[in-house]
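The structure appears below as structure tokens.
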Amino acid sequence: MTQLEEQTMMNLSNLSRLSRGDGRQRPWIDEVRRGAIERFEKVGFPSVKEEAWRFTNVSPIAQSTFALGEGALTESARQVSEQYGFGIEAAAELVFINGIYQPELSRAGKLGSGVRIGSLEAAIEEDVPEVRQHLTRHARIDGNPFVALNSGFLRDGAFVRIGRGVRVSGPIHLIFVSDAASQSTVSHPRVLIVAGEGSDSQIVESYVGTPGGRYFTNAVTEIVAARDSRIDHCRLQQESLEAFHVATMQVVQDEASNVISQAATLGGKLTRNDLNVILNGEYAESTLNGLVVIGGDQHVDNHTLLHHEKANCPSHELYKYVLDDRATGVFRGKIFVQQDAQKTNAKQNSKSLLLSDDARINAMPALEIYADDVKCTHGSTTGPVDEDMVFYLRTRGVGLDAARHLLTYAFAADITRRIKVVPVRRRLEDFMAAQHGLPQDLRITDLGSHDEAAR
Amino acid sequence: MALLEIQNLHARVAAAGGREILKGVNLSIGRGEVHAIMGKNGSGKSTLCQVLAGRETYEVTQGTVTYNGRDLLEESAEERARDGIFLAFQYPVEIPGVSTSYFLKAAVNAIRKHRGEQELDAMQFLKLVKEKQALLGIEQSFMNRAVNEGFSGGEKKRNEVFQMAVVNPMLGLLDETDSGLDIDALKVVANGVNKLHQQDKDRAILLVTHYQRLLNYVVPDFVHVMIDGRIVKSGGKDLALKLEDQGYEWLEAEASQPA
């Protein structure tokens, strides 16, 4: 038995430590936890012999010792949360340390009637109907051992409910800080987002940690999009380069809802993201965009699974990887089109830019179609920087290295410019510009770029 | 001394067993001169432009190219650009994610820095752009769009001429800048080339084209005919008219005669 499993068992025997023992916890959640832990005990960590985990070896996680992260507000965690905050650009900003809500560091803002954002634990205790209805109902513990592990340790996280017809202006920012300043920690942050009928919101999840910290973040997000709702969701993973990050996001969309998922992975030593979307109503639309920018010995594995269950749903997917040094990437994108899902229009594409001879990508697009009147395409390209573009820049006087940097930036900008959540887009563009020694006046979308450029 | 002196230039595709495309080109271009190279598809016209601009996919196997008294073939593509050679592409490359304004400012400043001139700041650059717009009579609506992305063929070619105006080269190589343009777009492009030529009497232009049509608007001092990797005939602007009238057959027959 690995050390984490031992610890899991230890904590299981001490489940009361998780609940606060003040009698306000709900029995149903204890049952969920117990069932999830049982499931995890039964299956354990996945091995590379399983197809879904073939290219991602999680034994470094299984063989490490992590202490269950406490929610104490430490100076190091406070600094990290401030560093990654959006400030006034966010409509609201909530901070979590090792998955536990920090009211002192958070700003809930005034978002309108029917909107509730805050601690998931508090929402469980209050028995908020949407929590009882949706929490742990969508991300299935039998689908992925890490979901079972997260559900087994489910305690706190974020609950976001956007009321019917409410349009929130500005992003709601959830910052998950893993604090491993004093010891290696594990945390299991949980997010539940319930978007009411006709609502419109931008929600950003940032995953960060104490610099150089060795920790394991095991996150699960469930998103429920009601009829005609629109969610612009961004996920920014900028964990420590020593960290392990495993995350599952489960999205369920009702009729004519529109969910945009933008997932950027920049940090972490080993990252696995599972994104599962179910288009469960006609005319629902789904956009899945991903950007991975890694180097060193970083490894990132993105699995996306898109279920077209009903007719007339468009979906668009574009994942881009920039891989340097010995970094390795995996992209597995699967689209299921069920028999009822006629007139599906699904497009999937993955593109990888290899900046070194030792970088690797495994891209596996897959379509499984049971309807006969559909339009589905997928494609995948991998290669170094385009030499025609390099030559074009050089004939304009731009040096070879500068041209390569600029084109790498441009490759990623193809994703970032699609992001409508301004502080997220800017953060990613600035990250790319800094990495490539470029000024910030590259932006296409800033009309004032000429004025900014004097540096 | 000529601005550009090409002697017995041979070049092949830089790959194992790569085909030889230029088979002994001789050409001399003086300051302020406008030259046109005509020829059929595959005759080597575009390859000559690419080799002069420093494309590494071609390997020069023989011959010399002297530009402004220096050995051009020793220089990288960016050094040539900074020394005043500009290639207007036959197929301008789209660069999604880089704004035209950033791209052009980077180009202008790379060249200025090389010449020991002060780099332009944002305001100065904007002023330069406006000047060149006025000069060419081109409405420049795409400074804030990605380089060439989603541009029509005509817009791309116009953008090439505009870039040429902004970087202000000594030698402009225009690789089939006229192809695929309707008559109005052709006039805009030709007018731009003429303006640039008038503006600096020392500036030389090399036009590569299929058709005589462009030469109605940009009048060359010299016309050359390229067949199978060699310039087989040179003359004045009348030669273009003769080619338009009689085609290339008479020259091909001439070229195949043993020297």
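Sequence lines set the chain letters: A, B, ... in the order given, protein chains first and strands last, and positions in each chain run from 1. Predicted model, so just to flag it, every value in this text is computed and none were measured.
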Taking D414(A), D388(A), D386(A) one by one, which has the highest count of heavy-atom pairs under 4.5 Å against chain B?
-> D388(A)

Crowded around Y91(B) OH? As in, over 12 foreign heavy atoms under 6.0 Å?
-> no

Among V322(A), N302(A), V330(A), which residue meets the side chain to side chain contact (heavy atoms under 4.5 Å, CB included) test with V292(A)?
-> N302(A)

With chain A, which of S76(B), A110(B), A77(B) has the greatest number of heavy-atom pairs at distances under 4.5 Å?
-> A77(B)

Interchain contact, R80(B) with chain A, by part (heavy-atom threshold 4.5 Å) | neither

Over all atoms of both residues, closest heavy-atom pair of L104(B) and Q163(B) = CD2-CG, 3.8 Å

Derivation of the ring pair (Phe, Tyr, Trp, His ring centres under 6.0 Å) call for F103(B) and Y392(A) = CA-CA 11 Å; F103(B) 165 74; Y392(A) 190 66; 5.7 Å; yes

What orientation do H173(A) and F86(A) show, parallel under 30°, tilted 30 to 60°, or perpendicular over 60°?
-> parallel

Taking the six-membered ring of Y319(A), is the NZ or CZ of K351(A) close enough (under 6.0 Å from the centre) and on axis enough (within 45°)?
-> no

If one checks every heavy atom of L87(B) against chain A at 4.5 Å, the contacting part turns out to be both

Under 4.5 Å from a heavy atom of chain B, the part of L407(A) involved = side chain

Residue part contacting chain A, namely of E56(B), when any heavy atom lies under 4.5 Å = side chain

Applying a strict 4.5 Å limit to non-hydrogen atoms, the region of Q124(B) in contact with chain A is neither

Measure P92(B) against the heavy atoms of chain A and call it side chain, backbone, both or neither at under 4.5 Å.
-> both

